[in-house]
Enquirer: 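Sharing a structure with you now.
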There are 2 protein chains.
Amino acid sequence: NGAKSPISCLLSAGDQSLILLSAVNKAGSEWSPACLPCSPDEGRTCSKAPEVASVRVQLEMQSLWRQFDQLGTEMIVTKAGRRMFPTFQVHISGMDPAAEYVLLLDFIPVDDKRYRYAFHSSSWMVAGRGDIAAPGRVHFHPDSPARGAQWVKQTVSFDRLKLTNNLLDDNGHMILNSMHRYQPRLHVILVDRSRDSQRYAHRNFCTFIFPETRFIAVTAYQNHRITQLKIACNPFAKGFRAADSENR
Amino acid sequence: NGAKSPISCLLSAGDQSLILLSAVNKAGSEWSPACLPCSPDEGRTCSKAPEVASVRVQLEMQSLWRQFDQLGTEMIVTKAGRRMFPTFQVHISGMDPAAEYVLLLDFIPVDDKRYRYAFHSSSWMVAGRGDIAAPGRVHFHPDSPARGAQWVKQTVSFDRLKLTNNLLDDNGHMILNSMHRYQPRLHVILVDRSRDSQRYAHRNFCTFIFPETRFIAVTAYQNHRITQLKIACNPFAKGFRAADSENR
DNA sequence: AAGTTCTCACCTAGGTGTAAAGTT
DNA sequence: AACTTTACACCTAGGTGAGAACTT
């Protein structure tokens, strides 16, 4: 993996076939970086199956995500599980209408650090080494598996996904460490029953990362401006909005 | 199909491989009739694949269904779609844990008659020939397809299914004619990607019928006792319950 | 007269941040 | 002092039958 292409190709720990593209294309791009072929590695070409190589993914509510990201997004984790807000939602195109795909979301630690919020400076500080990561879980989109025609037809929403800090959770929620930073990842996987799945697995999926969806997991909001933005935008928090425009 | 076994084996119109067992076993049986092999027909044996032949299905809330059935169950149909109450829920056993199954619910007319409710005698009367049936739809259980291990683990509920009288419905609801009688049917289908699906289709599924789930579709309740039983048992109708035991 | 559609008050079910209490 | 848990008021979202209005 000593590839020196303009777009660096990082391999995530524990899963050598997941390709994590760096943020070269991120600023101003409405579309996520395409799932580019990995550079030749040990004599085998690492190109993607055509049903996967042509897939494009667009993040919904991107401007909202960026508003949060500029403040430093926080996501509540609870024992029972808490939804994300904003919700991870995407619009997909370029799928083979007849092919079957599975959509997965997972969360990788951005670094191995633990954070704390410094109220005097209203900013996040490194507070030491990160805790050991919980066993990695993935969240299947509940519509999986489905045909490409289905996925591209409408917005794909991961609104049922919940975050928890309970290491013993058995509700299938995503287990995260509080006060740690995470990066959501979307995996688009081609269901290919005809080929030798062991041999071709690396060709049949593609990973998309939207840097503006990074967040710090918390058990209570730290940055008051994050709290206010959540209240302003999340319909379920309407009860906490100041009754300004009640005249209309 | 001149089979003269104690359990008569009826074939439903338009789908010669769906086996509809008559009500010989119905009274007192907690379990639905098993999906028995059809009698030999035109020289080919009509036996079921083992993953399907061993499946057993038990109706949940059977005593509630029977309370309604004794009064003559009515189900509301609306333009927007209305849920069923009681809900069609089953407990399944005997599936191959590793095999994949699809679960379907559909509704067949019990007869070709139209009914009307005679208030003076508090009973349903035949009111002429039935209207032409809407194009047949099926309702896939939203968890389909899933492994046998998943299906048998907990109650399988069709609570999201909705009934409509709108012939132009495009929400995927089940279209029924008001004032007509229907019989729900559960189809358990083995997902078999290895065999010649055309040739073996009849071996790969099995149909279960619970006679106590029959009902008449209505746009407004006719029998007042049905209304009262719905109010007494459906949590969403709690607002209409007489506040008798408000002391507790 | 018979059947259908529509609006509504009243529920269930569950997603919010708050503030107090608990934990380390 | 820093962080987590819990109970709670206040929402969204949508499933009920009643009863009036509408249709044929």
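Below, each value reflects all heavy atoms present in this structure, side chains not excepted, and no hydrogens, waters or symmetry copies.
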Enquirer: How close or far is atom C1' of D:dT5 from atom CG of A:N165, stated in whole angstroms?
Expert: 9 Å
Enquirer: Base, sugar-phosphate, or nothing: which does B:T78 touch, judged by heavy atoms less than 4.0 Å apart?
Expert: nothing
Enquirer: Taking atom P of D:dC11 as reference, at what distance in whole Å does atom CZ of A:R241 sit?
Expert: 10 Å
Enquirer: Given atom CG of B:D131 and atom P of C:dG3, what is their separation to the nearest angstrom?
Expert: 12 Å
Enquirer: Consider the side chain of A:K79, meaning its heavy atoms from C-beta on, and name the nucleotide among C:dG3, D:dG17, D:dT6 that approaches it most closely.
Expert: D:dT6
Enquirer: Whole Å only: how far is the CD1 atom of B:I231 from the P atom of C:dC10?
Expert: 15 Å
Enquirer: State which of C:dG17, C:dT5, D:dG17 makes the closest approach to the side chain of B:T227.
Expert: D:dG17
Enquirer: With sugar-phosphate meaning primed atoms plus P, OP1 and OP2, does B:Y221 contact a base, only sugar-phosphate, or nothing at under 4.0 Å between heavy atoms?
Expert: sugar-phosphate
Enquirer: Distance check needed: C:dT18 C1' versus A:F240 CZ, whole Å only.
Expert: 6 Å
Enquirer: Provide, to the nearest angstrom, the distance between the OH atom belonging to B:Y115 and the P atom belonging to C:dG3.
Expert: 14 Å
Enquirer: Please determine whether ring-ring contact (aromatic ring centres under 6.0 Å, His included) holds for the pair B:Y117 and B:F119, giving the CA-CA distance in whole Å, both sets of side-chain angles, and the decisive distance to 0.1 Å.
Expert: CA-CA 6 Å; B:Y117 190 71; B:F119 287 92; 5.2 Å; yes
Enquirer: Answer yes or no: does atom CZ of A:F140 have more than 12 heavy-atom neighbours from other residues, nucleotides or ligands under 6.0 Å?
Expert: no
Enquirer: Report the distance from atom CD of B:Q222 to atom P of D:dG17, rounded to the nearest whole Å.
Expert: 13 Å
Enquirer: Pairing donors with acceptors under 3.5 angstrom, does anything connect the side chains of A:D106 and A:H139?
Expert: no
Enquirer: Rounding to an integer number of Å, can you tell me how far A:Q228 CD sits from C:dT18 C1'?
Expert: 12 Å
Enquirer: In terms of the nearest nucleotide of DNA chain D, which residue is placed more toward the 5' end: B:K230 or A:Y117?
Expert: A:Y117
Enquirer: Less than 3.5 Å apart, any donor N or O on the side chain of B:T207 or B:H187 sitting next to an acceptor on the other?
Expert: yes
Enquirer: Using a cut-off of less than 4.0 Å, is there contact between a side-chain N or O of A:S178 and OP1 or OP2 of D:dT4?
Expert: yes
Enquirer: Centres of the A:H180 and A:Y115 rings: under 6.0 Å?
Expert: no
Enquirer: Is the CZ atom of A:R137 crowded by more than 12 outside heavy atoms at less than 6.0 Å?
Expert: yes
Enquirer: If you assign B:F119 and B:P235 each to the DNA chain C nucleotide with the nearest heavy atom, which residue ends up on the more 5' nucleotide?
Expert: B:F119
Enquirer: Can you find a donor-acceptor N/O pair under 3.5 angstrom joining the side chain of B:R82 to the base of D:dG17?
Expert: yes
Enquirer: Ignoring hydrogens and geometry beyond distance, is the side chain of B:R83 in donor-acceptor contact with the base of D:dG14 at under 3.5 Å?
Expert: no
Enquirer: Please state whether the phosphate of D:dC11, meaning OP1 or OP2, lies under 4.0 angstrom from any side-chain nitrogen or oxygen of A:N234.
Expert: no
Enquirer: Looking only at the side chain of A:R116 (C-beta and beyond, no hydrogens), which of the listed nucleotides D:dA18, D:dT4, D:dA2 gets closest?
Expert: D:dA2
Enquirer: Of all the nucleotides listed (D:dG17, D:dA18, D:dC3), which has the minimum atom distance to the side chain of B:A237?
Expert: D:dG17
Enquirer: Nearest to the B:F236 side chain among D:dG17, D:dT5, D:dG15, which nucleotide is it?
Expert: D:dG15
Enquirer: Which of these nucleotides, C:dC11, D:dT4, D:dT16, is closest to any side-chain atom of B:K238?
Expert: C:dC11
